[in-house]
Amino acid sequence: MKFRAAKGTRDFYPDAMRLRTWLTDAWRRVSLRNGFEEYDGPIFEHLELYTTKSGDEIASQLFDLEDRGGRRLAIRPEMTPTLGRMVNARAQSLPRPIKWFSVPRLCRAERPQKGRLREFFQWNIDIVGVDDVLADAESILVAVDFLREVGLGPEDAVVRINSRRLVAAVLADLRVPPDRMDKAYALLDKAGKIPRDALQAMWKEAFGDAVPFDAIEPLLGVEGLDHLHEAIRGAKGGWAAAERELPAIEALFEKLDSFGITEYCNFDMAIVRGLAYYTGVVYEVFDRGQAHRAIGGGGRYDNLLRDLGGPAMPGVGFGVGDVVITDVLTEAGKLPVLKGELDVYVIAADAELQPRALELVAQLRRGGWSTDFSYRAQSVGKLLRAASDRGARRAVIVGQETRDENLVTIKDLTTGQQTRRDWAAFVAAPLAAGDEGDEQARRSL
RNA sequence: GUGGGAGUAGCUCAGCUGGUUAGAGCACUAGGUUGUGGUCCUAGGGGUCGCGGGUUCGAAUCCCGUCUCUCACCCCA
């Protein structure tokens, strides 16, 4: 073939499209029932919207372009800057809290690998205008609600939660200079991914003796609130600043308890997140088997809107990409088997009856029922097979009985039961259970 | 950007100590004589063996290059 799909992109043939729609429908369903409203923005933005926030390195992972007027543009690699821009533009008039969601198609010019493609879909949830920890907790509730919706229990997935403020406090207690915080975050983020001695070497290289590795070691691998308390109490020299941050974390976990989702949640000092704009609570969702990268992640970004030129407005939100979650669900055997959806397949028993069959097709379609038929006159057996392959719920045969008595023969393709009904009655309710023959089926429902 | 692995039918793969017209399963198409599917049988279509070059009487098979895919690293929104 001369042309194939570009690197890191996917074609969604009907089979794959059904799954994509199933997933995005789940996202929308969960969003709406949690009180969020859908929004969307343009698929490309001014390049600076991304570069001003995240630095120039980011530009190398952007698909950027220039229009004929010389404007520098970029295909959106994430949704949060667009959200910030949109909220800023109407900051004075939007009722708060702003609870919005979106399912944008995003592009990043990265090298594709497992769980990462260059074009993907991402579910975004944001709560803007509220700095209450309750908003942080609710965003996590929505994430967990989704996990439940797709059949992932607490034994399958976990939300690992940390706080940038807490980490910053600990680092301050350890006398890490404020301008070196980002470096320290980056190293802490590696703690769970590389061997301890390698981390030690990197830490030593970065901070030398000013902040000895011994001092931060108790911090590493801290999981669970109890463990956190121990680590802080046992810290050499005392972690006064860190101790002051404890109540905030405890308050968050109290809300999570009220929401009934603590079995999914765990405090984890290793979750820092790479993104610069997070200021408070940060969290990531993982499969328990740790066979995949993060399913999703989010956190609080209290300075982002101001940094984008708007008023100071706090926000919290998360994103879940379609690639990793699909991998996880596939592995767990939780993806549904989806067939095409068709209410009725109309069969003409012989070629002379095709006009009546077409008449029936049109009437059913007008009534709102998804209906299909064969272009060719084939044996009833072949057409029933076609109906079955199409995933039709009912096959209806227009035959001799239609000619003589205006009756149609209806076959329920899932049970195999067959009944005859009057044409008009069938058109009025094609999926209704039939008469005597369907009594049994009706009872079993 | 760096490194490993892999490219044979739409998909999953076999064939590879070089030797006639390159195979299987699934999928697809058409039949199995006049109105009953989801489990059957038969037949058929579809591949310049990723591409280019080299070695050889002869290359899917050996060598070189190249492209693509994939996994990992870097990075992570």
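Fair warning: this is a prediction, and the values are worked out from it, not measured in the lab. Convention: sequence-line order gives letters A, B, ...; per-chain numbering from 1.
When the nucleotides B:C75, B:G35, B:A72 are ranked by their closest atom to the side chain of A:Lys114, B:A72 comes out on top. Listed nucleotides: B:C76, B:C40, B:C73. Nearest to the side chain of A:Gln113: B:C73. Distances from the side chain of A:Leu384 to the nucleotides B:U36, B:G3, B:G38 place B:U36 closest. Taking every side-chain heavy atom of A:Pro112 into account, B:U70 is the closest of B:G32, B:G37, B:U70.
Atom P of nucleotide B:C69 and atom CZ of A:Arg118 are separated by 9 Å, given to the nearest angstrom. Nucleotide B:G35 holds its C1' atom 9 Å from the CG atom of A:Asp350, rounded to whole Å. Put simply, CD on A:Glu110 is 16 Å from P on B:U2, counting in whole angstrom units. Across the protein-nucleic acid pair, A:Leu383 atom CG and B:G38 atom C1' stand 15 Å apart, rounded to whole Å. What separates CG of A:Asp412 from C1' of B:G37 is a distance of 12 Å, to the nearest Å. As rounded to whole Å, 18 Å separates atom P of B:C75 from atom OH of A:Tyr185. At whole-Å resolution of the value, CD in A:Gln378 and P in B:G37 are 14 Å apart. Straight-line distance from the CZ atom of A:Arg111 to the P atom of B:U68: 10 Å, rounded to whole Å.
The base of B:G38 is not paired with the side chain of A:Ser388 by any donor and acceptor separated by under 3.5 Å.
In summary, A:Asp412 and A:Arg394 engage in a salt bridge, as defined by a charged side-chain N under 4.0 Å from a carboxylate O. Salt-bridge check for A:Asp322 with A:Arg10: passed, with a basic side-chain N closer than 4.0 Å to an acidic carboxylate O. Using a 4.0 Å cut-off between charged nitrogen and carboxylate oxygen, A:Asp40 and A:Arg76 count as a salt-bridge pair. With respect to A:Asp372 and A:Arg390, a salt bridge is recorded, a charged nitrogen being found less than 4.0 Å from a carboxylate O.
Here A:Glu401 lies in heavy-atom contact (under 4.0 Å) with a base. Counting non-hydrogen atoms under 4.0 angstrom, A:Arg273 reaches the backbone sugars and phosphates but no base. Using a 4.0 Å heavy-atom cutoff across all strands shown, A:Ser379 reaches no nucleic acid atom at all. Counting non-hydrogen atoms under 4.0 angstrom, A:Gln122 reaches nothing in the nucleic acid. No contact: A:Gly319 has no heavy atom under 4.0 Å from any strand. Among the heavy atoms of the strands lying under 4.0 Å from A:Gly381 are primed sugar atoms or P, OP1, OP2 only; no base atom is included.
Across the C1' atoms, B:A59 and B:U20 are found 14 Å apart, a figure rounded to whole Å. B:C62 and B:G23 have their C1' atoms separated by 22 Å, with the value rounded to a whole Å. Using C1' as the reference atom, B:U55 and B:U61 are 13 Å apart when rounded to the nearest Å. Across the P atoms, B:C13 and B:G53 are found 30 Å apart, a figure rounded to whole Å. Rounded to the nearest Å, the gap between the C1' atom of B:A22 and that of B:C16 is 12 Å. Nucleotides B:C49 and B:C41 have their P atoms positioned 32 Å apart, rounded to a whole Å. Comparing the C1' positions of B:U2 and B:U56 gives a spacing of 38 Å, expressed to the nearest Å.
The six-membered or imidazole ring of A:Phe146 lies near that of A:Trp123, with a centre-to-centre distance under 6.0 Å.
For the salt bridge (Lys or Arg N to Asp or Glu O under 4.0 Å) test, no residue two or more places apart in sequence or in another chain qualifies with A:Asp132.
Taking only side-chain nitrogens and oxygens, A:Lys7 comes nearer than 4.0 Å to OP1 or OP2 of B:C69. Distances shown here put a side-chain N or O of A:Arg376 below 4.0 Å from the OP1 or OP2 atom of B:A30.
Note that the CG atom of A:Leu171 and the CZ atom of A:Arg164 stand 10.5 Å from one another [nearest 0.5 Å].
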